[in-house]
Amino acid sequence: PPLPPPPPPQMKASISAADVILVLILQPFAVVYAYDLGQDVTLCWRTNKSVPKAEPERVDCEGAEVAYTFNWPPLYAGDEYNVSFSVFVPSTVRHPPSLLETKGGVYDIVHANVHSCFRAAGFCSPFVKPGANVATHSPEVFCTRNTTTKACDAQTPVVLDVGSYSMIAHARWIYEGRDGELQYDLARAVFKTVKPAPKRETLAEAEERLANCRMRRMSGSFNMGGSSQARTSMPMKFTFDPGRMTFGIDPKSGGDLVSITAQYSLSWSDNALLDPSASCASLWLPEMVPAVKNPRESSLLGAQFVLGEGPNVTMHASHRFTFSQDWNHVTYPFDTQTTVFSLKVVPSADLTTCADVYHEIRAHKGQLLHSTSSFILARDDRSTIHSAHMPAPPSSNANHQSSLASMPRVDLCEIRIKLERQPLVFTVTSLMPEAIIVTAGLLAIHLDPKVPPLLSGRCSLLAVGILIIINKSSTRTIDDIGRRNYLLLLDLFSLVNIFFLLLLLIETISVFKLIQQDKFEYKGIGATVDRACRRYMAVLYLLICIGFAIQFTVDLHQVEEICLAYWTISMLAYIMISGFLLYTAIKRHTQKMEHLVQQVRMKLATDQEENEDEAHALLDAIFESIDESRDGSIDRKEITYLLRAMYPNVSDRVFDKVAKEVCPQNKKLDRLAFDDILPTLHEAVMKHVETLEDEKDNKTTFGSISFVKMASQTFSNMLSADETDSK
């Protein structure tokens, strides 16, 4: 159908009673335009500026449109509203906009504003002139369309009096081309009523009203309400300023408790704030709560409201969050823990600035932990402090599983803080004393086990060290970790120390028993074992300490099993190596003693006048080998050991009688006295052998004694040749 004729280009500044009567009479015959019927459409006009006094004519918009983007609140007289709208002109229009220089700039939309016409004044078109009781125009603005979207946004302030209005968003562009200069005008209308301005609250009054409503809500006077529009129009802005972070033990579960006293800010928009008569239940009063697995306490310590422009409000709050953490303390006191907690707003809202919390915490990390806290922040990198929206929980529907996994929960902000325990105090008070006790045990095995007072001191030191570590480990209380049903690496370290000292004590008793044996070779074996332990046990303890140090300082899963495996492997490897070395030393000692005895026999069996120095060297060697007390003298027992080594087939009764004759009343012999009695030992042995009742058996078992007699005679001749030099 043909378009209706355009309205007149201007309207009178005032309307007389006759005009109103004429409108009422002609109303049934008047042409009514689309947006006056309430249709939300864009109308377009074209004016040929190349023709003098040309009138605007209605034309098809060819896809061009103007649309409001403003979120309309209740309108009150005298208030200023920044009304926004968008202008879209597709590239397919017959006469596209030309870029023109307009008031210091180049634009293709050369005019945009809002016309507010009284409904009683009739149709509101882009050509209505401003005037009292007719229309008002907002300040004009300009914009240039985006090259891709072919649209631009405009915003202009509007201030109105009380009344009912047709408010049109008006935009204009100019075409300059072969068809001449053409002006296109677009308009789109909304209908609004402006109410008288309500009684205004001061900012202090409004903030006090919010605070009172929050107090009433916390006391349970009303249920949480609020404007749903506030949550959709402006997502929550969230800032987090952490305060003190403290740690404790949960009296119920025995687990670890973490308490954070934090300062945070929440910003939102609530249109109900503009109405002083709005009830508390209609206001949106959010609260930050922890979204953790085991919450223990959430206490709001204080809140302050700050009103901004229009319906915007910011709440600055102080809150204490206490929650339980499931920490593993196997490597205590060198453990690294991660505090994980999530925060959300009740009622639910999107936390748009969650990722920025990372910077907030880093900026205040010096205030996060007290100087006396058992924890410090871990190494300073991105993984130490982290904040992000939580991922969505897995869906039971397999078809939506992959899509939900990539959609984070924007209403939950997860915060991770990595902590390291300060081990200095516990190391000095617990670990170092145990290491010192074991070191004292290692020093104690250097005491000679052949000297009774030194042997007693050696055993006492080891036994007391074992008792101290047992008492210390059994009564150890750790106040800063929760209840546990597993062994700490520290407990294993104490067990290894006890086992190590017990091993040293067993070695001491074993060496003592070997030395007390009558056979000379057992005494040598005991001395060899003791010397080997002095060398190798310190190496063993050093390996064990290195293994524990590695496990203490490296954060590994199942560190208890790894440490036990390391200890077992180290012990097995050490036992194999040290056992081989000990066996070699004992064998070498036995061969050395056998070789020494054979050499003495051979030297005594031949004429050694020309090799007197070698004979004395052998005598010195045999004296030193039997002088186990290292006091420069030998006693009756040591004479018995020598005789047993020289005459392995003679009865011990013979050796006892000979030793009593040589050392009466257990007299000790020095080196010179040993030279005097050595030639007579064989005669004394043979005398007592021949006088035994089983003389025949002894002679048989003794074998040929001609070698010994000859050796004794040769040795006597050697001494009588130069008695002074020999002595």
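When a residue number appears, it is its place in the shown sequence, counting from 1.
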Between atom [atom1] of [X] and atom [atom2] of [Y], what is the distance when rounded to the nearest 0.5 Å?
| X | Y | atom1 | atom2 | result |
| --- | --- | --- | --- | --- |
| L424 | T429 | CG | OG1 | 9.0 Å |
| L540 | L503 | CG | CG | 7.5 Å |
| I445 | C459 | CD1 | SG | 12.0 Å |
| I469 | F499 | CD1 | CZ | 13.5 Å |
| N471 | I466 | CG | CD1 | 13.5 Å |
| L442 | L542 | CG | CG | 10.5 Å |

Sub-4.5 Å side-chain heavy-atom contact between [X] and [Y]:
| X | Y | result |
| --- | --- | --- |
| L257 | F323 | no |
| T339 | L419 | yes |
| I437 | N497 | no |
| E420 | Q337 | no |

- Query: Does I470 offer a backbone N or O that forms a donor-acceptor pair with the side chain of S474 under 3.5 Å?
  - Reply: yes

- Message: Determine whether a donor-acceptor pair (N or O, by modelled atom type, separation under 3.5 Å) exists between the side chain of Q325 and the backbone of V340.
- Response: yes

Looking at every non-hydrogen atom in both residues, tell me the closest pair between [X] and [Y] and how far apart they are.
| X | Y | value |
| --- | --- | --- |
| D530 | E507 | OD1-OE2, 2.9 Å |
| L461 | A444 | CD1-CB, 3.7 Å |
| T314 | S267 | OG1-OG, 3.0 Å |
| P433 | V428 | CD-O, 3.3 Å |
| V306 | H316 | CG2-CD2, 3.8 Å |
| S430 | K472 | CA-CE, 3.9 Å |

- Query: Where do L431 and F334 land on the side-chain contact (heavy atoms from CB on, under 4.5 Å) test, with the steps shown first?
  - Reply: CA-CA 12 Å; L431 294 180; F334 300 91; 3.7 Å; yes

- Item | Results of salt bridge (charged side-chain N to carboxylate O under 4.0 Å, His left out) for R535 - residues two or more places apart only | none

- Item | Partner residues of R296 under the salt bridge (charged side-chain N to carboxylate O under 4.0 Å, His left out) criterion, sequence neighbours left out | D250

- Item | Pairs touching residues 315-336 that satisfy salt bridge (Lys or Arg N to Asp or Glu O under 4.0 Å), sequence neighbours left out | E297-R320, D335-R421

- Query: Does a donor on one side chain and an acceptor on the other come within less than 3.5 Å for S84 and T69?
  - Reply: yes

- Between the side chains of T508 and R458, does any donor sit under 3.5 Å from an acceptor? yes

- Proximity of F321 and F341 rings by center, below 6.0 Å: no

- Mind running side-chain contact (heavy atoms from CB on, under 4.5 Å) on L501 and V438 for me, showing each step along the way? CA-CA 7 Å; L501 290 178; V438 176; 4.3 Å; yes

- Between T261 and L301, is a side-chain contact (heavy atoms from CB on, under 4.5 Å) present by the stated rule, with each step listed? CA-CA 9 Å; T261 302; L301 304 180; 3.9 Å; yes

- Taking ring-ring contact (aromatic ring centres under 6.0 Å, His included) as the test, write out the residues that go with Y536, two or more places apart. none

- Listed partners of F247 passing ring-ring contact (aromatic ring centres under 6.0 Å, His included), at least two apart: F375

Donor-acceptor pairs under 3.5 Å, side chain of residues 487-494 to any protein atom, not counting sequence neighbours: which ones?
residue : atom : partner : partner atom : Å
D491    : OD1  : R476    : NH1          : 3.2
D491    : OD2  : L488    : N            : 3.1
S494    : OG   : E434    : OE1          : 3.2
S494    : OG   : E434    : OE2          : 2.8
S494    : OG   : R476    : NH2          : 3.0
S494    : OG   : L490    : O            : 3.4

- Item | side-chain contact (heavy atoms from CB on, under 4.5 Å) between L504 and Y541, intermediate numbers included | CA-CA 11 Å; L504 294 180; Y541 191 67; over 6 Å; no

